[in-house]
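Scroll down for the structure; my scribbles are underneath it.
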Amino acid sequence: MDDRQRYDRATAELDPPFAILDMEALRANAESLVRRAGGKPIRVASKSVRSRPILERILAMDGFRGVMAFTLPEALWLVSHGLSDVLVAYPTADRAALARLAASERAAREITLMVDSAEHLDYIEAAVPANSPPLRLCLDLDAGYVAFGGRFRAGALRSPVREPVHAADLAADVAKRPGFRLVGLMAYEAQIAGVGDDPQGSAAFARVIRLMQARSARELILRRGRVVNAVRQVADLEFVNGGGTGSIERTVREKAVTECAAGSGFFHPRLFDFYRGFSGRPAALFALPVVRRPAPDVVTVLGGGYLASGAPGPSRLPQPYLPPGLRYSADEGAGEVQTPLLGQPAEDLRVGDRVWFRHAKAGELCERFAGLLLVEGDKVVEEVPTYRGEGKTFL
Ligand SMILES: Cc1ncc(COP(=O)(O)O)c(C=O)c1O
């Protein structure tokens, strides 16, 4: 039985739209991430999962340790449900959440905040009472690649802290403030981890990406190592985090890195099909029903416009996945309430049949569905809530 037959059979009694998680594929993807990490622990990036029961199941597997959360309210919520060691990977300016963090001994013990400036330190200090337990901090380092005297830059615009001297200065500033403890350092090389080195289309573009990534990796090994050494003179670091799904094996090779992060690799969304170093199995899919047939080789499905975040373009569209060979209409793309799909496979689809899609990114899919149907073989064995299904929309 092929995947389409399995998924159709497992969900035959249900009416789409709905989302499924193929548990065998999820486990295989998780095992592959662990193999690639070569013994270093993987911190699970929650933004790419966005379902608490699934996060818990992943964390119960060997090789995973801690959560990389995306907001402080999310981290507080996860900790209130028993999760531990939660690193908030993006700075917060949420005063109420900071006050809640400072008011809870357990939350202050389990949650680590991200900072990259004295301005952040001042802001957090102003938001929490003076006698609070010390808050755990992680310093975010710019891991972007800069060339041609600063005229070329690749990588996310995140932290202003780049060189060892900047990092050591900020670490020294933290050390002077009794309300904080610097416990971690994070440097996320988005230009390697999040950019496929096997893009479709232009071979010349692929060569440019590979060259940029090779140079960036070489530069980062040295700089990340020097920054970690400089910060360790001032702070007792518990962890140094780097990388993501697309870079694991490269990132963990660096001695200075104690753990890597990964999230997208669990669901293996469309954007992660374009890497030479690894492959995964599409695990999270959503089904939309065929609701009309405007022409013999066109079907229209209900909804579908679940675009992914990032620089806009065709790569942000969901992929019509099964049956293979369907494509969007250039005029309509994926629509708010209906999506025409063109191509020969449409000839065999009837009203009520389903088309299976993959999201371009991973966890954003869960903002569209209240639950994930867990598929084992050709059966739905359970339904678990997404963050949305638990009434939580953190971003
Ligand atoms: C700080 C940080 N680390 C790691 C990742 C990698 O996550 P993923 O494995 O989902 O690509 C991200 C994603 O944006 C990130 O922001």
Side-chain angles (χ1 to χ4, degrees), residues 26 29-30 32-34 36-37 40-51 54-55 58-59 63-72 74-75 85-92 112-116 137-144 154-159 161 184-197 213 220 224 239-252 254 257-275 277-280 282-284 308-311 315-316 358-367 394-395:
L26 180 80
N29 292 341
S32 154
L33 293 169
V34 171
R36 294 171 58 208
K40 289 193 180 172
I42 299 174
R43 190 176 284 278
V44 182
S46 65
K47 76 177 177 67
S48 304
V49 177
R50 301 196 204 199
S51 165
I54 300 301
L55 284 173
I58 292 170
L59 286 163
F64 299 101
R65 192 165 74 207
V67 178
M68 175 176 275
F70 54 102
T71 74
L72 179 54
E74 179 207 6
D85 185 6
V86 181
L87 170 66
V88 184
Y90 316 91
T92 186
T112 303
L113 299 174
M114 194 61 57
V115 295
D116 63 34
L137 300 184
C138 176
L139 198 162
D140 195 353
L141 176 75
D142 174 23
L157 282 168
R158 298 174 65 113
S159 172
V161 179
L185 194 137
M186 185 185 80
Y188 170 54
E189 58 272 48
Q191 71 281 8
I192 303 175
V195 177
D197 62 354
Q213 291 183 335
L220 196 56
R224 190 149 45 188
F239 65 88
V240 176
N241 181 285
T245 294
S247 76
I248 295 183
E249 52 279 273
R250 235 176 186 162
T251 308
V252 295
E254 288 182 37
V257 172
T258 65
E259 61 172 46
C260 60
S264 303
F266 298 108
F267 289 1
H268 195 75
R270 174 67 175 156
L271 282 171
F272 284 78
D273 283 347
F274 308 109
Y275 290 78
F278 69 96
S279 57
S309 57
S315 70
R316 304 286 135 177
R358 295 166 71 196
H359 204 271
K361 291 179 86 174
E364 289 178 21
L365 165 76
C366 293
E367 301 296 344
F394 295 111
L395 277 182

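Both counts, for ligands and for their atoms, begin at 1 and track the order of listing. The structure presented is a predicted model; accordingly, all values stated were derived computationally and were not measured. The residues of the chain are indexed from 1 along the displayed sequence.
The ligand atoms of ligand 1 that sit less than 4.0 angstrom from a heavy atom of Ser48 are 10 (O). Residue Met186 approaches ligand 1 through these ligand atoms, each under 4.0 Å from one of its heavy atoms: 1 (C). Near Arg158, meaning under 4.0 Å from any of its heavy atoms, are these atoms of ligand 1: 1 (C), 16 (O). Ligand-side atoms of ligand 1 in range of Met68: 1 (C), 2 (C), 3 (N), 4 (C), range being under 4.0 angstrom from any heavy atom.
Looking at atom 4 (C) of ligand 1, its nearest protein heavy atom turns out to be Gly243 O, 3.2 Å. The nearest heavy-atom contact from the protein to atom 12 (C) of ligand 1 is Tyr188 CZ, 3.4 Å. Regarding atom 9 (O) of ligand 1, its nearest protein heavy-atom neighbour is Thr245 OG1, 2.6 Å. Shortest contact from atom 11 (O) of ligand 1 to any protein heavy atom: Ser264 OG, 3.2 Å. Remark: minimum distance from atom 15 (C) of ligand 1 to any protein heavy atom is reached at Tyr90 OH, 3.3 Å.
Using a non-hydrogen distance threshold of 4.0 Å, Gly242 does not register as a contact of ligand 1. Using a 4.0 Å heavy-atom cutoff, Ala262 is listed among the residues neighbouring ligand 1.
Ring planes of His268 and Phe278: perpendicular class, angle over 60° (limits at 30 and 60°).
Listed for the Thr112 side chain is no donor-acceptor partner under 3.5 Å among the backbone atoms of Leu137. In this structure, Gln213 contributes its side chain and Gln191 its backbone to a donor-acceptor pair below 3.5 Å.
A salt bridge links Arg224 with Glu189: at least one charged nitrogen is closer than 4.0 Å to a carboxylate oxygen.
Side-chain contact check for Phe272 versus Phe267: every heavy-atom pair is 4.5 Å or farther apart. Looking only at side-chain heavy atoms (C-beta outward), Glu259 and Thr251 stay at 4.5 Å or farther from each other. The closest side-chain heavy-atom distance from Val88 to Met114 is not below 4.5 Å.
To the nearest 0.5 Å, the span separating CG on Leu139 from CG on Leu113 amounts to 12.5 Å.
Each of His359, Arg358, Arg316 was checked for a side chain to side chain contact (heavy atoms under 4.5 Å, CB included) with Arg270, and the lone residue meeting it is Arg358.
Residue contacts with ligand 1: Gly263 is placed with a nitrogen or oxygen under 3.5 Å of a nitrogen or oxygen of the ligand (distance criterion only).
The proximity of Phe272 to ligand 1, defined as any non-hydrogen pair under 4.0 Å, is limited to the side chain.
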